[in-house]
Amino acid sequence: MYSYSNFDADFVRSRVEEFKGQVARRLDGSLTEDEFKPLRLMNGLYLQLHAYMLRVAIPYGTLNGAQMHQLAYIADTWDKGYGHFTTRQNIQFNWPKLQDVPAILDALADVSMHAIQTSGNCIRNVTADHFAGAAADEIEDPRPTAELIRQWSTDHPEFAYLPRKFKVAVTGAPHDRAVTKAHDIGLRMVRNDAGEPGYEVVIGGGLGRTPMVGKVVRDFLPRADLLAYLEAILQVYNLSGRRDNKYKARIKILVHETGLEELKAKIEAVFARNQTLLEPVDAGIVARIAADFAEPTWVRKPVVDLPTDVGFRAWFDTNTAAHKNPDYAIVTVSTKAIGATPGDVTSAQMRVLADLGEQYSHDELRISHEQNVILPHVHKSDLPAVYASLKAAGLGTSNIGLISDIIACPGMDYCALATARSIPVAQEISNAFEDLAVQHDIGELKIKISGCINACGHHHVGHIGILGLDKAGVESYQITLGGDGTETTTIGERAGPGFAYDEIVPAVERLVEAYLGLREDETETFLAAYRRVGMAPFKSALYPEVVANAA
Amino acid sequence: MARAFEPQVATANHLLDGDVVYFTEHGDWTRHLTEAVVAETPDQAETLLGAASLFPQDVVGVYLANVQVIDGKPEPSHFREIFRTRGPSNYHHGKQAEA
């Protein structure tokens, strides 16, 4: 894992000191809210519906046991004993008090963490495949690249006031677990015909009001050219991106309005100039970062026979994934017990996860954009012990990828921007399908719920997407179908008129029933079935009265 | 035809903890909607907003929210304002826990 240099540590600590002074000046009246708001947002502090919210960066979703322990300590000391893992691999605390935030930031700095650039029109926390460095299908660990981008983008003076926020995701595997095509820049690590490492660069993806799948702007970018090329994209966007309309300010609109070819020519021209102006990245820095992400020393011990009881087997089949070392497994810990709030973890659970990470996963944990926690490197012999601890802590639910493994944004239970609630919809869908045997029979089905058009809940790329809106003063939920957030990214198609709050769960039940009735066999997933038969049968299931009236 | 005026209260978030607050007839802030002063006319609403905006050191984000007056007490009309009087629906936190 990356360890802070003295420069990093000093920088983070100086930002805490700076913010301490800013909070003091806000409290004594020297700063107005208009003056203070951009300063607090630069430090991840939002004012939400019922309280402040502090969004803490977890760079590319990677953290160690000590950091997870500290998050638990913060949750207990300054919040209400829990934290919420987000769809950008971060953690949010929902109840901090303004005067306590500098102390929280100090506590974060103690474990090399911060909340910088988790808000505002800057380059946000860079995200990566949560199976990085562990996945069997990986070409290369994306985290050294993500860390290099973090260092380049943190406090980058030229990109502090972009037209809008800017999100970068990196994957090192052909199977895209990082939704890279729905980011402003998505990087896929590839090799060229000569076997040299580089990147496929995708730009202009994004969800939100105008969902778009990113487009390839460069098939192959040599690794050494990465920062000069990213700098070129950002420079072109910074100068040409629209600032007249917040809803048209993301780079996806620039790509759309300018056209990929013209924009690509501009980027290449600036890139050529950058190559002559910018010094190449110091090889020592790159080597040091790479060394920090060196493979752990794998434990060599025999793999014992795994238990055959139904509970363990179900968990093993659903919640573990193939590791590049065949003696190991990747464990995905579900934060989504039946009826629970997706992404919420109590301080006690954080401590269990921290201990398990330290003891069984080479001191590494990950947060996925699907709001789960990963133990990336667990020796197969340790799986029974890990499962037993997780189960005892209420973290043993065997539902990864199933209908109750729902993404939900905080929605109008917390978020000031929300137009409807998301969390209780997720909870009620989970309760409606509480029988795990039924969930396993339904198979892979990704439901993603957003409580407003900004789409933090990634509803556009859910197999079933749900968008909560305010329709004439009443919560109304729109359904989209057929979305996909992997390497075959697809924006879901809107099914029809929205459903009231008490109608949305029955609507989802009808969709599932329709799917079970029409699938070819149990190996055909919901998404595959949708792609085969299209919208019509699902629409009939959603709107039976329309069908009846037409008959 | 112009929409009929709905009664309004002035609301904001407290500077220190962000909790939802309402402006009272005594010219200060309360955490309980039932204690809020209600503007019954557009003129009263304008005056209320002006008076409530004089506390930049105590509260953040002052705005007028529609209410219905039932048995002499204001009750929120929009679901967002209903949630603001309670707290989140997934945990017993916020105002509902303090009542």
Side-chain angles (χ1 to χ4, degrees), chain A residues 23 26-37 40 45-53 79-82 84 94-101 339-342 344 346 408 410-428 468 470 472-476 501, chain B residues 3-23 29-33 36 49 52-68 75-99:
Chain A
V23 170
R26 177 69 183 105
L27 294 177
D28 74 15
S30 323
L31 287 176
T32 66
E33 185 61 20
D34 284 349
E35 290 163 335
F36 180 64
K37 188 178 175 184
R40 68 168 158 78
L45 186 63
Y46 287 74
L47 182 54
Q48 295 286 43
L49 212 54
H50 313 292
Y52 286 96
M53 178 272 281
D79 209 271
K80 293 189 189 291
Y82 74 102
H84 175 78
N94 286 325
W95 305 94
K97 293 183 168 53
L98 177 60
Q99 66 271 31
D100 292 337
V101 173
T341 301
D344 277 13
T346 67
M412 205 186 271
D413 287 303
Y414 297 92
C415 180
L417 299 175
T419 45
R421 287 172 293 174
S422 324
I423 289 169
V425 175
Q427 291 176 298
E428 284 169 33
D470 174 348
V474 179
E475 286 171 293
S476 173
Y501 180 79
Chain B
R3 232 191 225 184
F5 179 78
E6 282 187 50
Q8 292 183 315
V9 296
T11 182
N13 291 82
H14 195 270
L15 174 68
L16 295 184
D17 60 8
D19 193 12
V20 174
V21 289
Y22 304 93
F23 198 63
W29 294 89
T30 173
R31 299 193 180 228
H32 307 287
L33 174 59
L49 186 61
S53 300
L54 299 173
F55 299 81
Q57 274 324 107
D58 299 313
V59 302
V60 178
V62 181
Y63 67 94
L64 296 170
N66 289 352
V67 291
Q68 295 162 300
E75 289 189 12
S77 356
H78 190 275
F79 61 89
R80 186 177 195 268
E81 294 303 323
I82 297 175
F83 301 151
R84 288 179 82 240
T85 65
R86 291 203 299 238
S89 52
N90 61 334
Y91 302 119
H92 193 64
H93 288 160
K95 286 195 186 302
Q96 60 199 338
E98 287 144 23

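These numbers come from a predicted model, not from an experiment. Every chain is numbered from 1, with letters handed out A, B, ... down the list of sequences.
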Portion of B/Asn90 that has a non-hydrogen atom of chain A nearer than 4.5 angstrom: both
In terms of heavy-atom contacts, A/Asp413 and B/Pro88 come closest through O-CB, 3.5 Å
Tightest non-hydrogen contact, residues A/Leu27 and B/Gln57, listed as O-NE2, 3.7 Å
Is chain B contacted by the side chain of A/Asp470, its backbone, both, or neither, given a heavy-atom distance below 4.5 Å? both
Heavy-atom contact with chain B under 4.5 Å, split by part of A/Glu475: both
Where A/Leu49 and B/Val20 come nearest, the two heavy atoms and their spacing: O-CG2, 3.4 Å
Side chain, backbone, both or neither: which part of A/Ala426 has an atom under 4.5 Å from a heavy atom of chain B? neither
Geometric class of the B/His93/A/Tyr82 ring pair [parallel <30°, tilted 30-60°, perpendicular >60°]: parallel
Do B/Tyr91 and A/Thr341 make a side-chain contact, defined as non-hydrogen atoms from C-beta onward lying under 4.5 Å apart? yes
Of the listed A/Arg26, A/Gln99, A/Met53, A/Lys37, the one with the largest count of heavy-atom pairs under 4.5 Å with chain B is A/Arg26
When rounded to the nearest 0.5 angstrom, what is the spacing between CZ in B/Phe79 and CZ in A/Arg421? 8.5 Å
Proximity breakdown for A/Val474 and chain B, heavy-atom pairs closer than 4.5 Å: backbone
Beyond-backbone contact of A/Lys97 with B/Leu16, side-chain heavy atoms, under 4.5 angstrom: no
Below 4.5 Å, heavy atoms only, C-beta onward: do B/Arg80 and A/Met412 meet side chain to side chain? yes
In Å, rounded to the nearest 0.5 Å, how long is the span from CG of B/Leu15 to CG of A/Leu98? 5.5 Å
Check A/Tyr52 against B/Val60 and note the closest heavy-atom contact, atom names and distance. OH-CG2, 4.4 Å
